[in-house]
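One structure is given below, encoded as structure tokens.
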Amino acid sequence: MTATPTSRRSRRPDWAGRNYTLLTAAAVATGLGGNGALIASAFAVLESGGDSGDVGLVAASRTLPLVLFLLIGGAISDRVPRHHVMVAANALSCVSQAAFAVLVLTGDPRLWQMMLLTALGGTGQAFFGPAAEGMLMSTVSGEQAGRAFAVFRMAMQGASLGGAALGGALVAAVGPGSVLAIDAAAFAVAGGLRSFLDVSHIAPRAPGGGMLADLRDGWREFIGRPWLWSIVVAFSIANAVVGAADAVYGPLVARDSLGGAGPWGLALAAFGAGTVAGALLMTRWKPRRLLLAGMLGIFPLALPSAALAIPAPIGVLFAVMFVAGTTVEVFGVSWMTALHQEIPEEKLSRISAYDWFGSIALMPLAAAAAGPTESAFGRTAALWGCAALVTVVTGAVLCVPEVRNLRRRGGVGDVEGTPGGAGGSVDDGGRAVEGLG
């Protein structure tokens with residue numbers, strides 16, 4: 001029997017509207033491409049004759065523009081239609097990854113060329129991140145937010161899982177250049193989808209006092225909430241060391257002890273599988289103390305660095321990556337729900353920019369210092385240091401009363417008639433937890 005339009009519409013939940021569907025589909029596309037590209041860029045550097053220091057420099061080239069341009073991107077995204085910013089950022093990332101792919105496929109890429117193109121992609125992400133987070137949060141209402149955020153993240157993390165596993169396999173089979181080309185195509189698809197977003201539901205912004213005034217207003221909102229800035233400060237350290245372990249030490253340990261790009265891609269996929277499991281858990285679990293539950297979930301993020309330090313057998317690494325992915329997603333959905341609950345809609349992109357800025361501020365330094373640190377102390381000691389720092393800063397944040405006591409408000413994160421979850425960054429690919437805190 002032919003389904004009627006009404007019956008077809010009923011298959012999609014009320015909260016999964018047009019914008020939400022487009023945002024989710026675009027995130028899936030970039031998740032599939034971006035996670036493979038992270039592996040591909042590291043092995044492109046190694047195959048061109050680079051060492052751990054060169055891998056770190058390329059990784060730093062992506063995060064440095066994020067530090068430089070994030071606050072500007074947040075202010076702009078609260079002033080102009082956010083989908084325009086997102087599409088322009090996706091176009092820049094598409095072009096930079098396509099050029100990177102051409103260099104790798106057709107010749108002998110120079111280190112400065114790879115750094116420059118990676119920096120262009122980071123610039124695109126600096127404008128994309130705040131706009132995307134603000135757009136997603138403005139797409140759902142308070143009573144729908146929890147389930148919507150959890151399902152969005154489950155789709156995004158599922159794509160990350162597939163992208164990491166497929167990317168590692170493709171790097172091993174056909175080389176990093178092809179994987180970079182796939183990522184460029186994914187950005188093109190995602191930009192096309194995001195161009196159809198409807199922002200008519202967002203009230204026009206009142207004329208303000210300029211970009212500096214907007215940034216000062218966002219700063220007052222940010223610094224006035226101890227739970228917000230304390231978590232961001234903690235993640236500035238945790239993200240730096242986790243990012244260095246992922247971008248520099250992980251591929252090197254994989255090359256020397258685990259069998260190369262394929263097993264490392266599967267390890268990243270195990271983390272992705274954990275995040276999917278965590279998002280699924282958060283569609284049903286509604287912790288009353290959002291940030292207490294979330295921060296407790298950050299302690300296991302130290303486990304992958306410890307496993308790489310040993311180095312543990314590949315099966316053990318898979319297991320700890322899965323556990324870390326599951327528990328960090330408890331934080332991710334709780335964090336997004338807390339932002340949605342506490343921050344005014346017209347300031348979401350600026351707060352997101354301060355969030356991202358603090359979270360990644362130390363990442364370029366950590367990535368660039370990873371090689372010299374390995375030379376000075378050894379790779380094993382450097383990885384144990386990463387694990388220790390994650391543990392210490394997570395414990396320190398739990399000493400802040402507002403983090404322990406911020407509670408879910410009635411109705412937020414719930415969907416009537418169903419067990420609700422809590423909502424994370426909206427990132428165009430990558431396992432690193434940048435933007436979460």
Side-chain angles (χ1 to χ4, degrees), residues 22-45 58-59 61-63 66 86-105 109 114 117-129 131-132 136 152-195 243 246-247 251 261-262 264-269 271-273 275-276 425-435:
L22 287 170
L23 287 168
T24 303
V28 168
T30 51
L32 287 170
N35 283 270
L38 286 176
I39 303 170
S41 61
F43 280 90
V45 175
V58 172
S61 297
R62 174 175 173 79
T63 50
L66 283 168
M86 296 166 69
V87 171
N90 283 169
L92 179 58
S93 296
C94 173
V95 170
S96 64
Q97 286 294 73
F100 197 168
V102 169
L103 281 177
V104 175
L105 288 169
M114 293 185 285
L117 292 171
T118 303
L120 288 176
T123 302
Q125 186 63 37
F127 288 86
F128 173 85
L136 178 64
F152 173 88
R153 290 183 61 84
M154 187 159 48
M156 184 176 67
Q157 304 295 10
S160 297
L161 186 161
L166 183 61
L170 286 175
V171 168
V174 298
S178 298
V179 179
L180 292 167
I182 291 171
D183 189 36
F187 276 117
V189 171
L193 291 171
R194 288 162 177 152
S195 68
D246 278 358
W264 179 236
L266 291 175
L268 294 178
F271 184 91
T275 61
V276 173
S425 80
V426 184
D427 187 11
D428 266 5
R431 184 184 86 80
V433 290
E434 62 190 50

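Note that the numbering runs from 1 along the sequence shown for the chain. In what follows, every heavy atom counts, from backbone to side chain, and hydrogens, waters and symmetry copies are set aside. Being a predicted model, the structure only gives us computed values, none of them experimental.
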- Which heavy-atom pair separates Leu32 from Ala159 by the least distance, and what is that distance? CD2-O, 3.5 Å

- Query: What pair of heavy atoms forms the shortest contact from Ala44 to Val104, and how long is it?
  - Reply: CB-CG2, 4.1 Å

- Could you go through the side chain to side chain contact (heavy atoms under 4.5 Å, CB included) check for Leu22 and Arg194 one step at a time? CA-CA 6 Å; Leu22 287 170; Arg194 288 162 177 152; over 6 Å; no

- Search all heavy atoms of Thr30 against all heavy atoms of Ala186 and return the closest pair with its distance. CG2-O, 4.2 Å

- Between CG of Leu38 and CZ of Phe43, what distance do you get to the nearest 0.5 Å? 12.0 Å

- Between Cys94 and Ala188, what is the shortest heavy-atom contact and its length? SG-CB, 4.0 Å

- Task: Determine whether Met86 and Leu23 make a side-chain contact, defined as any pair of heavy atoms from C-beta on separated by less than 4.5 Å.
- Result: yes

Show me the donor-acceptor pairs within less than 3.5 Å that the side chains of residues 169-182 make with the rest of the protein, sequence neighbours left out.
none

- Message: Give me the atom names and distance for the closest heavy-atom approach of Gln97 to Ala37.
- Response: NE2-CB, 3.6 Å

- Message: Working to the nearest 0.5 angstrom, can you tell me the gap between Ser41 OG and Met114 CE?
- Response: 9.5 Å

- Of the non-hydrogen atoms in Leu117 and Ser96, which two are nearest, and what is the gap between them? O-CB, 3.5 Å

- Message: I'd like to check the side-chain contact (heavy atoms from CB on, under 4.5 Å) partners of Val189; sequence neighbours left out, ordered by chain and number.
- Response: Ala29, Leu193

- Message: Going by the rule side chain to side chain donor-acceptor pair (under 3.5 Å), which residues pair with Thr275 if we only count those two or more places apart in sequence or in a different chain?
- Response: Gln157

- Item | From CG (Leu92) to CZ (Phe127), nearest 0.5 Å | 9.5 Å

- Item | Leu268 vs Ile39 side-chain heavy atoms within contact, under 4.5 Å | yes

